[in-house]
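Structure record follows, encoded as structure tokens.
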Amino acid sequence: MEPHRWLPLEANPDVTNQFLKQLGIHPDWQFVDVYGMEPELLSMVPRPVCAVLLLFPITEKYETFRTEEEERIKAKGQDVKSSVYFMKQTINNACGTIGLIHAIANNRDKMNFETNSSLKKFLEDSLSMTPEERAKYLETYEAIRVTHESSAHEGQTEAPSIDEKVDLHFIALVNVGGHLYELDGRKPFPINHGETSDESFLEDAIEVCKKFMERDPEELRFNAIALSAA
């Protein structure tokens, strides 16, 4: 069977905020641009921040690192709290939506959902599922697919054709129980990047983003957006 394929989303706060609104989330939290990694640029981001989405290129260097990281963690193990909501990605180009789901799901106690929110229902239905089952459930979950589709056409650049190979990928960085987790549906499990706090979360998350950039110094296609209290 052909894998499911969606149009890619832009790392553009207008697009992601519109998407969250359509999924039935009150605008108490809004995505904002992170204009740079320097302290003075980070100080422009409204606080508190509860999640960061990073858009980055999948390059050969990155894929080599990803394989090594996976083998290292499988050998050494890592501590992941059972309360971390994680799902796999089985739909091509759905990484933006999965990043949003990861950001909201791991902050659902902070969010105000509309009564008929399709995302709230998706999270409630999928809480007891495995990461693989959540991925399968998203494949059949029309309300989110339709919203993704309209959001993909919202961006400033023309949406690429659905069959075009896109080598840009979204991940979510979240704080669950005082630990910073990287959630990437292409990986077999969440990655624990160590301790964090509500106060230091943005700076800690940006340190993780910097590592992505340092691994690919020739690349310029990095973009971060932060989910901030509006």
Please determine whether a side-chain nitrogen of the Lys or Arg among [X] and [Y] lies less than 4.0 Å from a carboxylate oxygen of the Asp or Glu.
X      : Y      : value
Arg221 : Asp167 : yes
Glu203 : Arg47  : yes
Arg66  : Glu70  : no

Report task. Could you tell me whether Arg108 sits above the aromatic face of Phe113, with NZ or CZ closer than 6.0 angstrom to the six-membered ring centre and within 45 degrees of the axis? Result ->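 No, cation not above the ring by the 6.0 Å, 45° rule.
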Residues sharing Leu183's hydrophobic cluster, by side-chain heavy-atom contacts under 4.5 Å among ILVMFWY, directly or via others?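 Via sub-4.5 Å side-chain contacts, Leu183 links to Val80, Val84, Phe86, Val174, Val176, Tyr181.
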Work out which heavy atom in [X] is nearest to a heavy atom in [Y]; give both atom names and the distance.
X      : Y      : result
Ala103 : Leu227 : CB-CD2, 4.4 Å
Ile25  : Glu114 : N-CG, 4.4 Å
Asn106 : Ser83  : OD1-O, 4.0 Å
Asp33  : Pro13  : OD1-CD, 3.4 Å
Ile225 : Ala11  : CG2-O, 3.9 Å
Gly99  : Leu53  : O-CD2, 3.5 Å

Hey, is the main chain of [Y] close enough, under 3.5 Å, to the side chain of [X] for a donor-acceptor pair?
X      : Y      : value
Ser200 : Thr196 : no
Gln78  : Asn192 : yes
Thr130 : Glu133 : yes
Lys120 : Asn112 : no
Tyr141 : Ser118 : yes

Which distance, rounded to the nearest 0.5 Å, do you find between the [atom1] of [X] and the [atom2] of [Y]?
X      : Y      : atom1 : atom2 : value
Ser126 : Lys121 : OG    : NZ    : 10.0 Å
Ser228 : Gln30  : OG    : CD    : 9.5 Å
Ser197 : Asp204 : OG    : CG    : 6.5 Å
Arg134 : Asp125 : CZ    : CG    : 11.5 Å
Arg186 : Glu63  : CZ    : CD    : 4.0 Å
Leu168 : Cys95  : CG    : SG    : 8.5 Å

Side chains of [X] and [Y]: does their closest heavy-atom pair fall under 4.5 Å?
X      : Y      : result
Met37  : Cys209 : yes
Val34  : Leu41  : no
His26  : Leu20  : no
Gln18  : Thr16  : no
Phe170 : Leu100 : no
Met87  : Ile98  : yes
Lys110 : Pro48  : no
Met44  : Val32  : no

Report yes or no: do [X] and [Y] belong to one cluster of Ile/Leu/Val/Met/Phe/Trp/Tyr joined by side chain heavy-atom distances under 4.5 Å?
X      : Y      : result
Phe189 : Leu180 : no
Ile101 : Leu127 : yes
Leu202 : Met213 : yes
Met129 : Ile144 : yes
Phe212 : Ile191 : no

Tyr137 vs Phe122 aromatic rings, parallel, tilted or perpendicular, using cut-offs 30° and 60°?
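Correct class here is parallel.
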Practice problem: Before giving the answer on side-chain contact (heavy atoms from CB on, under 4.5 Å), spell out for Val52 and Phe201 the whole-Å C-alpha distance, their side-chain angles and the decisive distance to 0.1 Å. | Solution: CA-CA 9 Å; Val52 169; Phe201 171 72; 4.1 Å; yes
With distance as the sole criterion, is a donor-acceptor pair present between the side chains of His102 and Asp184 under 3.5 Å?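 Side chains of His102 and Asp184: no pair found under 3.5 Å.
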Without hydrogens or angle criteria, can the side chains of Glu139 and Thr90 be said to hold a donor-acceptor pair below 3.5 Å?
->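 Note: Glu139 and Thr90 side chains meet the donor-acceptor criterion.
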Got a sec: does the [atom1] of [X] have more than 12 other heavy atoms crowding it under 6.0 Å?
X      : atom1 : result
Glu38  : CD    : yes
Glu69  : CD    : yes
Lys210 : NZ    : yes

Could you walk me through whether Lys211 and Glu182 pass the side-chain contact (heavy atoms from CB on, under 4.5 Å) test, one step at a time? CA-CA 12 Å; Lys211 287 182 194 153; Glu182 170 193 334; over 6 Å; no
- For Thr59, side chain to side chain contact (heavy atoms under 4.5 Å, CB included) partners two or more places apart: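 By the side chain to side chain contact (heavy atoms under 4.5 Å, CB included) rule, Thr59 matches Pro57, Lys61, Tyr62, Asp216, Glu219.
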Could you give me the CA-CA distance, side-chain angles and deciding distance for Cys50 and Met111, then say whether side-chain contact (heavy atoms from CB on, under 4.5 Å) is met?
CA-CA 10 Å; Cys50 70; Met111 301 294 147; 4.0 Å; yes
